[in-house]
Protein chains: 2
Amino acid sequence: MNSQHFSTKERILGAAEQLFARLGFAGASLRQVTAAANVNLAAVNYHFGSKENLINEVFRRRLDELNAHRLQALDQALARPGAGLEDLLAAFIHPALDLSLDRGGGGAFVRVLARAYAEHNDALRKFLSDNYGHVMKRFHAAFAQRLPDLDKEELYWRLDIVAGALTYAMADFGVIKRKSGVTEQQHRERSAEHLIRFAAAGLRAP
Amino acid sequence: MNSQHFSTKERILGAAEQLFARLGFAGASLRQVTAAANVNLAAVNYHFGSKENLINEVFRRRLDELNAHRLQALDQALARPGAGLEDLLAAFIHPALDLSLDRGGGGAFVRVLARAYAEHNDALRKFLSDNYGHVMKRFHAAFAQRLPDLDKEELYWRLDIVAGALTYAMADFGVIKRKSGVTEQQHRERSAEHLIRFAAAGLRAP
DNA sequence: TCGTAGGTAAAACGGGCGTTTGAATGCTAC
DNA sequence: GTAGCATTCAAACGCCCGTTTTACCTACGA
């Protein structure tokens, strides 16, 4: 059968992403995932080894691209001489917002990300830190340079809050419907503006 | 035996709160809960009817008190003539922060709350909206009065982001250890200041 | 003192879980 | 064409799930 365009692995990843977003990692079973992917149950353990590894690969598939876009946007922002807080925030937000408003499964993935944030799952945190920690480090350094009056601890706090707030907000963007008469592009730009202004004001607060 | 000070119901609620915070609603089983509570497995269904209802009661036990404190703090803030944004935010944040830094299970509960926020569980959302929607309405009205330049939609956005950010942040407070040489009271006050300043700046952003 | 109601206990219910197995299938290179 | 490999498949593995059942204990009012 397998008449779809995508490979078994890709269909499993897509179905897993949707179901993890809706039901959580523990709440979505491999039987649900493989049924949604139109794939045999054993395919998950054949291609991914275990459920936990499947979870990791769901993250890797999106985060490789997302973080590449973020670093690229950060480099472009830093290349400009007068780059300010808002430009750094835009570099962080725009790639994720593009993902969350994507026609593909990206919206689901941002909700998965928000779940992971709330879960405090140690194994997952280690995986994310090992694979993508350098991205947050680069943003942290760029923010630190532009917020010299904040001591290290205070900056850490605020970036943590900002990251949580943005993750949560972007997870919601996929769910909340836009007003009629607004194109998706307009909606996306206005959303990004909201988030950037909000976060910048929070970071700059005395 | 039941040699503990607390009733079977209370011990189940406490153990469920801890395990839901750590493992999630789907991830924590009633066998784990009843074992941690030192109670027979059947006690959950006897006292609560079902797992889903147990989840609801875990929320009710804390939210009745939390929202009463929030409304009380809001009334006190509104009674003062010059009450501003920061006072409203303090009324919202302080009761939750007290809970999250509580010696009892409050810290776990705030993490449960953050999970519920990320889950978008329909049944749970309905329960929370039915039982505690009026609290958010009162805060919303108070904020609207102090932010007349924001249109309805914009205010809705920002309060949503603020609520999400604060929920995330407070869930983290219970996890992050305070610096040595800082009393818990100092830590609490500084944390509240951070959150209030951050949120106020975000709400006031042009 | 007995009957009864409220609570606790152990055991079992059917079913879903993640994972493994071993045979069947498709595909590529010789 | 056939050997060899990668993939798919149905079936089963043992285990844990939420819930129910049935019996037992205990306390208290009649």
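Chain identifiers are assigned alphabetically (A, B, ...) following the order of the sequence lines, protein sequences preceding nucleic acid strands; residue numbering begins at 1 within each chain.
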Send over the distance from B/K9 NZ to C/dG6 C1', rounded to a whole Å. 13 Å
Should the pair A/D130-A/K126 be classified as a salt bridge under the 4.0 Å nitrogen-to-oxygen rule? yes
Would you say CD of A/Q186 has more than 12 non-hydrogen atoms from neighbouring residues, nucleotides or ligands within 6.0 angstrom? yes
Pairing residues for B/F20 by the ring-ring contact (aromatic ring centres under 6.0 Å, His included) criterion, not counting sequence neighbours: B/F25
For atom CG of B/N53 and atom P of D/dT19, their distance in whole Å: 10 Å
Once each nucleotide of nucleotides 11-22 of chain C is scored for protein heavy atoms under 4.0 Å, what B/S/- sequence comes out, 5' to 3'? -B----BBBBB-
Do the rings of A/Y132 and A/F127 sit parallel, tilted or perpendicular, given the 30° and 60° boundaries? perpendicular
Is the phosphate of D/dT8 approached by A/H47 (side-chain N or O, under 4.0 Å from OP1 or OP2)? yes
Rounded distance in Å - CD (A/E10) to P (D/dT7): 13 Å
Determine, for A/R146 against A/E86, whether the closest basic-nitrogen to carboxylate-oxygen distance falls under 4.0 angstrom. no
Please determine if a side-chain N or O atom of A/T8 lies less than 4.0 Å away from the OP1 or OP2 oxygen of D/dT7. no
Below 4.0 angstrom, N of the basic side chain to O of the carboxylate: do A/R61 and A/E57 qualify? no
